[in-house]
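Take a look at the structure set out below.
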There are 2 protein chains.
Amino acid sequence: MTLRADSARVRAQMLAAARERVRAGDLDLPMNAIAKDAGVGVGTAYRHFASRQALLEALAAQSLGALVTDAEAAAADPEPATGFATLLRDALRLLRDDPTLALVLASAQPACLDATTDLHARLGAAVTTVLARARAEGVIRPDVDADDVRRLICGVQHAVDAGTDAGAADRYLDILLAGLRAAR
Amino acid sequence: MTLRADSARVRAQMLAAARERVRAGDLDLPMNAIAKDAGVGVGTAYRHFASRQALLEALAAQSLGALVTDAEAAAADPEPATGFATLLRDALRLLRDDPTLALVLASAQPACLDATTDLHARLGAAVTTVLARARAEGVIRPDVDADDVRRLICGVQHAVDAGTDAGAADRYLDILLAGLRAAR
DNA sequence: ACCTGAACACCGTTCAAGT
DNA sequence: ACCTGAACACCGTTCAAGT
């Protein structure tokens with residue numbers, strides 16, 4: 001039992017140390033340095049997180065979970081068009097608040113944690129529902145699926161990140177919404 | 001004089017070795033490995049390219065130059081709306097053909113080569129002209145400047161890269177054009 | 001003058017040795 | 001069982017030593 005508690009503590013310390021670096025604007029996440037920050041040996045760090053990518057996914061899991069929740073709420077919105085717009089707005093806000101989410105969500109590679117795969121699947125299902133409802137009302141172009149939405153919102157985040165303009169996020173989101181609304 | 005010729009040969013060999021790695025899908029560009037590929041010592045490699053970033057910018061210079069040429073042609077297009085659409089289409093094509101261009105164009109950091117800074121400046125001027133003419137005809141939203149266009153097209157490239165769908169590029173470009181056309 | 005490659009500081013990851 | 005940290009293979013960059 002103490003082992004279990006210890007293990008959980010190490011995991012929490014690793015995540016806290018990593019998040020502290022992310023908060024400081026450093027997305028490198030070097031395992032050696034984070035292990036030292038957390039006060040554990042490198043080997044222990046690797047027993048908890050099989051790779052740098054696994055640590056990254058664990059960091060992003062909370063934001064990704066929040067996005068899933070938002071998407072499922074959007075899928076239940078009485079007004080399909082509102083649900084769709086809210087989904088994109090929430091996604092961009094979460095992406096901007098947590099830079100690790102952008103790395104995990106934009107990745108074309110398969111996830112290395114099962115939890116990430118599961119969250120991705122739930123997200124895809126919810127977004128598909130949001131799109132189906134919006135499409136049924138004719139408020140979005142028909143040639144866009146859930147994966148397109150994932151890629152496009154990550155693209156908007158990338159564009160926002162490529163500069164320092166404070167108002168860019170709202171403007172780019174507006175451009176994307178207008179582009180998706182437009183008739184084919 | 002032979003020194004000059006030698007120097008040019010080393011530079012060309014470095015660029016060829018680097019481009020070969022890029023062609024093979026590897027964007028890491030490790031100086032040590034590329035120096036070895038090119039048959040020169042690491043020190044010599046660094047005498048020609050002050051840093052990895054300098055090598056990257058040198059690689060991207062050709063594509064960036066082509067983009068400038070395209071943008072200047074677009075600025076002279078008799079039909080402003082056509083010039084604008086052509087510019088975005090050409091930019092995305094160049095970004096997709098040369099992955100190093102995306103890295104250099106999307107960077108929020110200042111360039112490390114003067115040549116890159118110059119090309120960026122010429123690009124900005126040409127795109128500003130394209131936008132001014134399109135705006136005067138009322139065919140694009142007025143709250144978008146040349147830097148927004150740079151960031152947005154890099155965002156589209158990022159979205160295209162985040163998946164494997166063959167038709168994504170054309171679709172995403174169409175979405176961006178529709179979004180920019182839409183009235184405010 | 002220009003080149004070379006050993007060297008330094010780093011980083012991801014592994015594993016023999018300890019408790 | 002679990003932990004540690006030395007060790008390996010790497011990479012960016014520098015610089016003393018050669019030509």
Side-chain angles (χ1 to χ4, degrees), chain A residues 1-22 24-60 99-100 103-104 107 109-113 116, chain B residues 1-22 24-60 99-100 103-104 107 109-113 116:
Chain A
M1 278 304 144
T2 59
L3 296 177
R4 198 86 149 257
D6 242 37
S7 189
R9 201 167 48 83
V10 166
R11 195 188 143 85
Q13 277 165 338
M14 282 286 296
L15 287 173
R19 219 175 296 267
E20 183 49 38
R21 280 172 177 263
V22 170
D26 187 0
L27 285 179
D28 280 351
L29 303 184
M31 293 292 267
N32 283 275
I34 291 171
K36 177 160 280 188
D37 288 356
V40 299
V42 224
T44 307
Y46 273 90
R47 250 181 37 86
H48 286 264
F49 303 99
S51 66
R52 229 180 99 279
Q53 180 64 21
L55 173 60
L56 180 69
E57 289 182 24
L59 275 177
T100 67
L103 295 175
V104 171
S107 167
Q109 267 97 239
C112 79
L113 297 185
T116 307
Chain B
M1 277 308 144
T2 59
L3 296 175
R4 200 88 148 257
D6 243 39
S7 189
R9 202 167 49 82
V10 166
R11 194 188 144 84
Q13 279 166 338
M14 282 286 297
L15 288 173
R19 218 175 298 267
E20 183 50 39
R21 280 172 178 262
V22 171
D26 187 359
L27 284 179
D28 279 353
L29 302 185
M31 292 293 266
N32 283 277
I34 292 171
K36 178 160 278 186
D37 289 355
V40 299
V42 224
T44 306
Y46 272 91
R47 248 181 38 87
H48 286 265
F49 303 100
S51 65
R52 229 180 99 277
Q53 178 66 18
L55 175 59
L56 180 70
E57 290 182 23
L59 276 177
T100 68
L103 295 176
V104 170
S107 166
Q109 266 96 239
C112 80
L113 296 185
T116 308

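No experiment lies behind these values; they were computed from the predicted model shown. A note on names: the letters A, B, ... follow the listed sequences, proteins ahead of strands, and every chain is numbered from 1.
No donor-acceptor pair closer than 3.5 Å links the side chain of B:Glu57 to the backbone N or O of B:Thr116. B:Asp28 contributes no side-chain N or O that, together with a main-chain N or O of B:Pro30, makes up a donor-acceptor pair within less than 3.5 Å. With hydrogens and angles disregarded, no donor-acceptor distance shorter than 3.5 Å links the side chain of B:Arg52 to the backbone of B:Met31.
Across every non-hydrogen atom of B:Ala58 and B:Phe49, the tightest pair is CB-CE2, 3.7 Å.
Distance CD (B:Gln13) to C1' (C:dT4): 15 Å, rounded to an integer number of Å. For the pair B:Arg9 CZ and C:dC2 P, the computed distance is 15 Å after rounding to whole Å. Rounded to whole Å, atom C1' of D:dT13 lies 16 Å from atom CZ of B:Phe49. If you measure from atom CZ of B:Arg47 to atom P of D:dC15, you get 16 Å, rounded to the nearest angstrom. In this structure, A:His48 atom NE2 and D:dA1 atom P are separated by 16 Å, rounded to whole Å. Atom NZ in A:Lys36 sits about 14 Å away from atom P in C:dG12, given to the nearest Å. One can place CD1 of B:Ile34 at 14 Å from C1' of D:dT13, the figure rounded to the nearest angstrom. At whole-Å resolution of the value, CZ in B:Arg11 and P in C:dC2 are 15 Å apart.
With values rounded to the nearest 0.5 angstrom, B:Asp37 atom CG is found 9.0 Å from B:Glu20 atom CD. Summarising the geometry, atom CG belonging to B:Leu29 is positioned 8.5 Å from atom CZ belonging to B:Arg21; distances are rounded to the nearest 0.5 Å. B:His48 NE2 to B:Gln13 CD: the interatomic distance, rounded to the nearest 0.5 Å, is 9.5 Å. In this structure, CZ in B:Arg19 is found 9.5 Å from CG in B:Leu55, a value given to the nearest 0.5 Å. Separating the CD1 atom in B:Ile34 from the CG atom in B:Leu59 is a distance of 7.5 Å, to the nearest 0.5 Å.
The side chain of A:Val42 has D:dA6 as its nearest neighbour among C:dG12, D:dA6, D:dT13. Checking D:dG5, D:dT13, D:dT4 against the side-chain heavy atoms of A:Val40 singles out D:dT4 as nearest.
Here the separation of D:dA6 from C:dA9, taken at their P atoms, is 16 Å to the nearest Å.
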Check the interface with nucleotides 8-11 of chain D: list each N/O to N/O pair with the protein under 3.5 Å, or write none.
none

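Between A:Gln53 and B:Gly43, the residue whose closest nucleotide on DNA chain C is further toward the 5' end is B:Gly43.
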Secondary-structure string, 5' to 3', Watson-Crick or G-U under 3.5 Å, | for another-strand partners, for DNA chain D: ||.|||||...|||||.||
